[in-house]
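Taking it in order: structure first as structure tokens, then the write-up.
Note that ligands are numbered from 1 as they come in the structure, with each ligand's atoms numbered from 1 the same way.
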Amino acid sequence: MSYQNILITKEGPIGIAQLNRPKVLNALNSETMIELVNAFEEFDKDQSVNVIILTGGQNVFAAGADLKEMAQATPVDLVLGRRFELWDRIRKISKPIIAAVSGYCLGGGNELAMNCDIIIASETATFGQPEVNVGIMPGAGGTQRLTRAVGKYRSMEMILTGKSISAEEALRIGLVNKIVPVESLMDEAKKIASEIASKPPISVRAAKEAIVRAQDTTLEVGLEFERRAFYLLFATEDGKEGMKAFLEKRKPVFKGK
Ligand code: HXC
């Protein structure tokens, strides 16, 4: 598939999608979102890919939804455009997605990063939900995911003031996993991706699913979900091999089955 607004590469088991509309600070118009979701789904189907990295440029991850497109929209356009179904499709990607964020990560950009599973920030990254400044509010999960990530009070402050926070502040409040120098951002993301990619993919997938579930269910239902996923892994060859290799004091050889 060919894409106009994103760049796609593959490095071994890592699929990399890079937002590529630098002139408009990677503003997320519908076309870009469609391409991105299609690319994620392609990676999800591709058995040679185990982990996905999403990144932008050095100066900008994404400055939010494309305001040129949004400024014209009516509520009916938004309903009929089914824009948010795309975001729901990202939530259903079974492989881990690592966001490598440098520069502006705003509005829909921050919502996109929060749709990923791990967020690595460069020292220059800034995070914000500035929608109130333009008379709207987060609409792609910002009020929900930010609140789950950093709690009610910090989420209120960020969303109601529209002010951005630095990478350091984002790390302090638990919005990002790690901060690295700009020049090592992709190396760090790839290092974590490679580490995850070396694990049995069915374990990784089941664990991701259970963690995602933890975000939106009760403890009781979540524990039951975890237990069922746990049982399932005992039917995998990799599960048997991993435990056997440990007992035989050798390195496991995983097959992805
Ligand atoms: C469309 C955008 C854009 C955006 C920047 N541009 N952000 N175009 N949508 N979200 C364009 C500018 O119009 C400009 O185009 C070019 O990118 C460079 O931007 P400047 O503003 O000149 O750059 P700078 O002065 O460095 O300021 C950077 C910035 C500012 C602070 C990030 O661009 C900004 O505030 N952008 C809007 C951020 C925002 O409000 N995001 C939330 C959007 S609403 P020209 O043609 O003039 O060169 C949202 C809702 C999500 O995300 C809902 C779910 C989908």
Close-contact set for ligand 1 against Gly64 heavy atoms, below 4.0 Å: 52 (O)
For ligand 1, is there an atom lying under 4.0 Å from some heavy atom of Leu25? yes
Can you tell me the protein heavy atom closest to atom 41 (N) of ligand 1 and the distance? Ala63 O, 2.9 Å
Can you find a pair of side-chain heavy atoms, one from Leu175 and one from Asn110, that are under 4.5 Å apart? yes
For Gly108, the atoms of ligand 1 under 4.0 Å from one of its heavy atoms are 49 (C), 51 (C), 52 (O)
Would you mind finding which of Lys68, Arg83, Glu111, Arg21 brings a heavy atom closest to atom 51 (C) of ligand 1? Glu111
If the cut-off is 4.0 Å to any non-hydrogen atom of Ala140, which atoms of ligand 1 fall inside it? 54 (C)
Nearest protein heavy atom to atom 9 (N) of ligand 1, by residue and atom, and its distance? Leu67 N, 2.8 Å
Do any pairs count as a salt bridge (charged side-chain N to carboxylate O under 4.0 Å, His left out) and have a residue in residues 151-166, sequence neighbours left out, and if so which ones? none
Provide the number and element of each atom of ligand 1 under 4.0 Å from a heavy atom of Lys23. 16 (C), 17 (O)
So the salt bridge (charged side-chain N to carboxylate O under 4.0 Å, His left out) pairs with at least one residue in residues 39-58 (sequence neighbours excluded) are Lys10-Asp46, Glu41-Arg89, Glu42-Lys45
For atom 4 (C) of ligand 1, which candidate among Pro130, Ala65, Gly128, Pro138 provides the closest heavy atom? Ala65
Ligand-residue contact atoms, ligand 1 with Phe84, heavy atoms, under 4.0 Å: 54 (C)
Under 4.0 Å from atom 39 (C) of ligand 1, is there any protein heavy atom? yes
Can you sort out which atoms of ligand 1 are near Leu106, meaning under 4.0 Å from one of its heavy atoms? 32 (C)
Heavy-atom contacts with Ala27 under 4.0 Å: which atoms of ligand 1 show up? List them by number with element. 1 (C), 4 (C), 9 (N)
heavy-atom search around atom 2 (C) of ligand 1 in the protein gives Val24 O, 3.8 Å
Where the side chain of Asn26 meets the backbone of Arg21, is there a donor-acceptor pair that is under 3.5 Å apart? yes
Look up atom 34 (C) of ligand 1 and tell me if a protein heavy atom lies less than 4.0 Å from it? no
Is any side-chain heavy atom of Leu112 closer than 4.5 Å to one of Leu19? yes
Ligand 1 to Glu131, heavy atom cutoff 4.0 Å, flagged ligand atoms 44 (S), 49 (C), 50 (C), 51 (C), 52 (O)
